[in-house]
Every structure is written in C-alpha cells, then in structure tokens.
Amino acid sequence: MIIRRLRIQNVRCFRNPIELSGLGLGVHVIHAPNETGKSSLILAIARALFDRYSSKDRAIIQLQPWSTELSPRVTLELETGGKRYRLEKSFLGNASSQLSEWTGTRFEHLADSQDADDRVRGFLTATGPGSGATKVGHWGVARLLWLNQVPERHELPGLDGSLKARLLETMGVAALSTEEQALIKAVETTYGQFFTPKTQKPVAGSELIQHEEKIRNLKATVTRLMQRKEETSRNADDITENRLQQTRLLEEKDGYAKQLTELQERIQEEERQEQALSLCRKDVERHRQRWQDLDQKQRALQEMQGKAVKQEALVAQKQPAVQQAQDALKAAEAASQAAREHLRGAQAAADKAEQRLERGRLLEKALEVREGHSQAEGHLKQGLRLEAALQGSLKKTAGSTLSEASVKRAEELEKKLLLAQSKLDAQAIEVCFTAESPRVIEWEEHGTAREHKLAKAEQKRFSGVTSGELRIKGVGTLNVRTGADELGKLQADVDKCRKELARRLHEHGAKDLAGLRKAWEEQRAAAQVHLHHQEALQSFLDTVGVTDIDALRERQRTLAGELGSLATQLGIAVEALAPQQAADIDALSEALKQARREVKLREKMRDETDSRFRLMDQQHRTLTLEQERAGQSARTLRQTLQSQLEGMGWSLDEFDTQVERAEAEVQRHEAKVRKLEAALPVPEQRATTQRGKLQQALGRIQDEEQATQTRITRAETMIEQAVNEDLYTQLCVAEEELEQEQQRYNRAHQRAEAAKALRALTTAWQEQVSHSFVSPIEEAVHHRLKFIRGEDAPGRIQLDADFGEAQMRTDTGSKPLESFSWGTQEQTLFALRLAIGDLLSTQGPRTEPQLVVLDDALVNTDAGRHRRALELIESAGEKLQVLILTAFPERYRTLQNMKSFDLKALAQAS
C-alpha cells in the first residue's frame, strides 16, 4: 500500500488544512523544524488507517488543537491491490468514516462507518483494539515498515499470527494445515491446563496444583493426628508422675506444719521484747526532738544577736560617707546651674546667626528670581516674534492645495498623452501609388475588387487602409496590412488624456504643465519658509525648556509671583531689590556653624554637669538609705530577740542550761535502747524469720499441689476427648485418603509430563518451519546492515521466529542487540524495515509497493554510515514509497529524484 495524497485539518498544530499531493513511488523528504508537526502528520495517518472513527479515547482527544473542540479530519488517497481508494475520516464531534473507490473517472462510494474502518485495516492486515485507541501492536504491516516517533521505537516490531502468515506466504513457505494447527492447538490447550506457556511454571488452580494442595492438607492432617496420638500417650504418663509428686508434697507439708508449732512460744517472747524496744525508741525520738528544737532556737537567737551587732556597726561606719556625699551634691548643683546659664546665652546667639543667614538666603533667592524673571520676559518677547513670523508664513501656505502627487499625476498624464499621440501618428499610415506610365490598378475596398486607370505621374492615395492587396497588371501584387483599425481606440485614448490633463490644470489655475510646475515650486518655497520658521520656534522652545508660548507666559507669571512673595518676606518693595547686594552666605553659614558648635559644647557641658549632679544625688540617696536600713534592721532584731526571750521566760544563759539538760536526757534513753537491742537475737536467728521461711515453703508446696492437680485434670480431659473423637479411626482414614490422593497425583503428573514432551516436539517443529522464512529476512537485513557498517564490522543479525528478540552473532558468541550502541540499534531497525518492505513488494502472490516511514531514523549515525544509508534509500525508492521526516533536510540533499516538502511553509501558506 502507498499513499497518493494526504490532507489533514484540525490535527494538533494544523488547525488550517494542509495537503501533500503528488505522492507516489520514490523518496519523499518532509522537513520542518522541531515541534512543527512532523510526527503529528504521521500520527494522523496512523489514526485514520487503524482507529475507529467513533473512538473517544484520550489519545484521540489529544489530536485536537490546543484549547479547542474542533473535530480532527484526515483525507487519504491510497493505492493497494491494483486499486485506488479515498478515505475521508473525522473524529469526535463530527465523527464519520467514508471509503470511496476510483472507477477511472471519479471516486464512487464504497463503504462507510465501521465497515469502512474494517476494510482499510484489512488492507494492512491490522487488528482493532478491544477498547480505546490503537497501539503500535495493532498496526499490522505498518508495524513492520514504519519507524516513527513512539516509545517502542528501539524495540523489534514483533509478529502476531496474521503477520507471520503474511511473511510465510511472501517467502513461499507452506503454512500449517488445518489438522496440524488443530493438533498444535490441542497440545497447547493440554499444556496450558498444567503449565503457563511463558514461564513454564504450573498453572494456578490446575489439576496438579489441586492434587498437591490436597496431598499437603492430608499430610498435615495425618501429622496432626499422629501428634495428638503421641500427646495422648504422654498425658497418661504425666498422670502417673503427677500423682507420685502429690504424695511427696503431702509428706513435706506435714513436716513444715510440725516445725511451725514448735516456733510459736519463741515468737511470743520475741514479740514482747520488740514491743518494749519500740516504746523505748519512741522515748528517745521524743527527747531528741525536744533537744533539737531547743538547740535550733538557741542558734537562731544567737544569730539574731550577731546580726543586730553588725547592723549597729554598719550605721556608725556609713556616717562619714553620707556627710561627704552631701557636700559633693551641693557643689555639683552649683556647677549645673552655671552650665545652664551659659547654654541659654549660646542658644540666643545661634538663633540670631540663623536669622541673619535665612535673610541672606532669601535676598539671594530674590535676586536670582529677579534675574530669571528678566530673562523670561526677554524669552517671551523673542518667542512672540518667532510665533508672529510662523503665523505669517502659515497664512501664505494656507490657501495652497497643490501637492507633489498632483504634479506627478499631471506629468504622467502628459507622458500618456504624448505616448498615445505617437501611437496614433504611427498607426495613421497612408498607402500612396505614383504611376510612371499609364497603368490600370486594382484594389479591394470593403471586400470588393475595384479597378482604376491612372495616367502618367498620377497619384492614388489609400488612407485608413487596414489590409488588402494592390494588384498592378504587368507589374505584380502589393500586400498591405497597417493596423489602422485601432485608430479609433488610439484617438479615444489621446482625447481622454488631453481632457484629464486640462481638467487637472484647470483645478490648480495653471495654463500648462510648466505653469503647474512653477506654482508647485512657489508653494514648496513657501512651505520651506514656513518649515524654517516652525523649526526656529521649536528650537527656541527646546532651548528655553518649554513646549509652547503659553508655557513661557506661565513661567513669566510664576516668576513674577515668586518675586513678589520673596520681597514681601524681606519687607522691601520689588523695585528696591535692584540696588541690594547679595549677602556673604558662606560667612553667615560659617558664623551659624560656629554658634551651633558653641551651643553643642554648652549642651555637652550642661549634660555633663547634670549627669554629675544626678550621680552625686544618687550616691547621697543610696548612702542615706543604706544607713537608715541598717539602723532599722538593728532595732528590729533587738526587739525580736527580746520579745522571744520574754515569751519563753528565760534569759540567754538559762536557755543554754535547758539545752544541756535535754541533751543529757537523750543520751540516757539511747543507752537503754542499746541494752534492749543487745538482749534480742540477730534478725537471721529470730523465730519470726524462720516462721516466714516455713510459711513460704508451705505456700510453694500448695502452689505445686494445685499445679499438679491442674496437669492431672488437663491430661485426663485430653485422654477423654481423644476417646470421644475416635482418634485412631480418624488416623487410619486419613492415611488411606493420603495414599489414594498420591496415586491420583502420580497419574496427573504423568499426563503433564506427556503434554510437556508433546509441546517440546511441536515447538521444535514450528521453529523449523519459522526458520525457513526467518533466514531469508536475516540474510536481507545482514546484506543491508553490512553495507552500512562496512565489511569489517563484526556481527551477523539473528532473529527469533516472532521478531521479539534480536542478537548479533560474533566471534566471541551471540550478544543481545540492546548491548550495542544506539547507532547500531537504529541502523539494524532501519535495515529491517527496508528488507521487509523490499520482500513484500517483490515476492509472494500479493506483490505491491509498500509505504516505509522513517521519522528521524538515523539521528545517531555518523556521516560515513549515513551516506551509505542514503544509497540504500535511493535504491529502495525504485520499489517502495519512502517518507522521510526530518529537521535536518541538508542531510538528505544528495538523494537523487527525491521530492521535498517544506511542512512549515505549507502550514504558513494555509
């Protein structure tokens, strides 16, 4: 199949229609920059050939131009099977599909809608998807011949059943018979019941898996029953052992009970001694607490007395410092007052200097404004003069309506008049005959022959002659053709040009063209004068920095107002500003700076004296406050000490005596406690300690008796449950079922192995058949690839029967095609397309030209290999239709007899 014409509209970047016509056998280079629609063009062809017209898949929606709801439209004229067809397809909103056949004079309707789509897919042995848009795997023969921009670009095309049958037919290899195919299908079906064809692992849920699962379950059941059987036997043994353990625990328990009875009297005696010791310890604690309270109070009173003495000493120590701080405070206050007086004087002098400087600046500004005002008045007068001159020149040019175009038009009319007159003069030919001797002449006039006899020297004139013959007897025939029939037309042109020229001259008041030119020259001279005045005025306005005379007037008024305001501030008249002299601003500024420096110096001195005064005041206040606080603390401590002693009714000496008595009482009771403790045995030898150990032993024995009884009860329960469940019968039944299931599994396993062996035989048979058509294709690809890569390049291509995997056989062994460079991979896939296209177009019962698409197919190929690849493309163009899409047309300029299409130019023209 080849394409004769292509037209697309509303496809991605092609909103307007774009058409490629004149397509046929040979090489066609479609070039454009990146992202200008080359791949979109091929995608539009694929969608039209292989996708359902009614599909609304996301891939179809993406054909729409961005941010539109337009319906993508594709029109293809294609040739296949010796016939020519036209496919018109529209997607989405206006979805339709119509197939027409060329009958020799026109295209006649053949099929539409789904029927049209099915017929077109049949041309290319293509298959439709279950749902959604088609993938490359649905494109039939095109997947073998097109190398376009898709994610699967660097993968082998792969073969399905229909494509393999087409290649077998092309190679002349007999396809499998119906019985053979049925046998292979039956073997595959049986094999598929047991194993997955791809991974050759057991199929989930198959008969083998089911038998294995049952065997595992039965084995697990037998194992569980055997465990329970063994556990029942162990339970019987455990009952005997636990009953013996109960007897031993009972004897040990009786021995511990006798020992507890013997320890009871010792325990009562020890408890009485412990009670006496406890009471004595409480007395010791009570007396110790009283002694500690008295000692603590004594320490607190002594500490309070020491603090009072320290505070009284501090008061006496602070008195000289307080007096000294008071004297320094008075001196600092006097210095602060003097600094403030000096600061006020400096500020008054600075204010006067600032006033003198401000008046000097006002006077200087007033003089500047007065000078600017005088300059503005001069500018205004000069501008008014220039404006008056401009108005005068404008009046001279106001009445002129003559333009250069009118003069040129009049000149052109004069030239046309002269040309028409010259043509008229050239066409107005007269034919004049003078007889040298008496003659009889004949001529034709309005198609009628006339004769006339001429005397010697007589003349005969024929004016306005168009054509005819003048025959002179005895002399000959004169043929005349003058073209005088155009005289009327030429005369009309002359009159028209003359009238038009006269009208234009009359419009501008000129008698002739020279007068019109003179008027134009005078008008142009006046315009030049006007332009000169206009430029002079504009130059003047630019110089003074205004846009027009009104702005200049406004500036003059503004300066006059500002001058009056400044004179008012100065308190003098505007006229009195003339004799005024500008003040020395620098001297006044320097005087003001000096005065301000003096003010800052005085402020600094004021701040320093104030700071010193505040510091002295703070020191005096701090010392006075500290002295007062120390005296107050001493008095408070003395009062507190006296009040506490009065409350207790003791003096400090008496308090010391009470503390000593309390300490002696504590020591007496502690001696008594030590005596009672010596009478008691050590804790490890006391009867209570031994009783606790015996009680722990009795508790342990009781726990063991309870645990033993629990184990006996559980074992008896397990034995009784096994008897009720008939455990031994269940075990026999499970072992019998396991044996039967193992036999069924063995039979199924034999069937699976037989199916695997049969499949291996049929697979080997199919591979032998497939190799008979793969070998010629490998040879064709190798021949082209060797030409591109050179004679010394290692490797020979090897393809599997389904084109799903390719390897290069080298001296070191076979290597996958993916392990080679991108350049080698794309050259191999390029050679595969050309080889298959050549075979489909020249061999087999259905030979016809094929379409090969190469979308930037050699981007990773060096210059030398690219040149040899172009030679292959040239030779392929004799049998195939090759569409090359590229962003680099210069790489293909050496191709002979190729057709070039500038896709960007076609889109812009559309």
Side-chain angles (χ1 to χ4, degrees), residues 245-246 248-311 633 636-708:
Q245 180 69 15
Q246 281 183 334
R248 290 195 297 272
L249 291 174
L250 184 60
E251 293 176 354
E252 188 176 359
K253 181 179 178 182
D254 293 340
Y256 288 145
K258 291 180 180 179
Q259 292 180 13
L260 284 174
T261 303
E262 294 173 355
L263 286 174
Q264 190 61 35
E265 294 180 356
R266 287 179 57 193
I267 290 172
Q268 291 176 356
E269 179 62 22
E270 288 178 355
E271 286 178 352
R272 183 183 60 77
Q273 293 177 352
E274 286 179 351
Q275 288 176 359
L277 178 61
S278 177
L279 292 173
C280 189
R281 284 175 176 171
K282 289 180 180 179
D283 290 339
V284 170
E285 189 65 28
R286 185 175 66 256
H287 287 289
R288 180 181 286 110
Q289 185 65 36
R290 183 173 180 276
W291 169 58
Q292 289 176 353
D293 291 342
L294 291 173
D295 183 66
Q296 186 176 1
K297 289 180 180 179
Q298 182 187 22
R299 293 177 185 277
L301 292 173
Q302 291 175 353
E303 183 179 1
M304 191 180 301
Q305 185 178 13
K307 288 181 179 180
V309 173
K310 288 181 180 179
Q311 293 298 326
S633 297
T636 303
L637 289 171
R638 288 293 182 183
Q639 291 175 2
T640 303
L641 177 61
Q642 188 64 31
S643 63
Q644 289 183 3
L645 289 173
E646 290 177 356
M648 289 184 292
W650 296 331
S651 63
L652 286 175
D653 295 337
E654 294 175 347
F655 204 91
D656 293 339
T657 303
Q658 292 295 328
V659 171
E660 291 175 358
R661 289 179 180 175
E663 185 178 4
E665 190 69 20
V666 169
Q667 292 175 357
R668 186 176 65 80
H669 283 84
E670 285 180 348
K672 185 177 180 181
V673 167
R674 286 194 293 272
K675 183 178 179 181
L676 292 174
E677 287 177 349
L680 279 173
V682 296
E684 293 80 4
Q685 297 177 0
R686 292 182 185 177
T688 54
T689 303
Q690 295 179 6
R691 184 184 63 181
K693 292 180 179 179
L694 291 174
Q695 288 176 347
Q696 290 179 358
L698 285 174
R700 176 179 57 79
I701 291 173
Q702 290 176 355
D703 293 339
E704 290 182 0
E705 285 181 342
Q706 186 176 0
T708 302

Non-neighbouring partners of Gln696 that pass side chain to side chain donor-acceptor pair (under 3.5 Å), sequence neighbours left out: none
Inspect the contact between Arg668 and Glu665 and indicate whether a charged nitrogen and a carboxylate oxygen are less than 4.0 angstrom apart. yes
Should Asp293 and Arg290 count as an ion pair when the cut-off is N to O under 4.0 Å? no
Test side chain to side chain donor-acceptor pair (under 3.5 Å) applied to Thr708 - qualifying residues, sequence neighbours left out: Arg711
Any ring pair (Phe, Tyr, Trp, His ring centres under 6.0 Å) pairs touching residues 262-310, not counting sequence neighbours? His287-His669
Check this for me: Gln292, atom CD, are more than 12 non-hydrogen atoms of other residues, nucleotides or ligands nearer than 6.0 Å? yes
Please round to the nearest 0.5 Å and tell me the distance separating atom CG of Asp295 and atom CD of Glu660. 11.0 Å
Return the set of residues passing side chain to side chain donor-acceptor pair (under 3.5 Å) with Asp703 (not counting sequence neighbours), or none when no residue passes. none
Leu698: side-chain contact (heavy atoms from CB on, under 4.5 Å) partners, not counting sequence neighbours: Lys253, Tyr256, Leu260
Nearest 0.5 Å, please: how far is CD in Glu705 from CG in Leu250? 6.5 Å
Which residues pass the side chain to side chain donor-acceptor pair (under 3.5 Å) test with Arg661, sequence neighbours left out? none
Between Arg281 and Glu285, is a salt bridge (charged side-chain N to carboxylate O under 4.0 Å, His left out) present by the stated rule, with each step listed? CA-CA 6 Å; Arg281 284 175 176 171; Glu285 189 65 28; over 6 Å; no
Do Gln296 and Arg299 have side-chain atoms, one donor and one acceptor, less than 3.5 Å apart? no
Looking at Lys307 and Glu303, does any basic side-chain N land under 4.0 Å from a carboxylate oxygen? yes
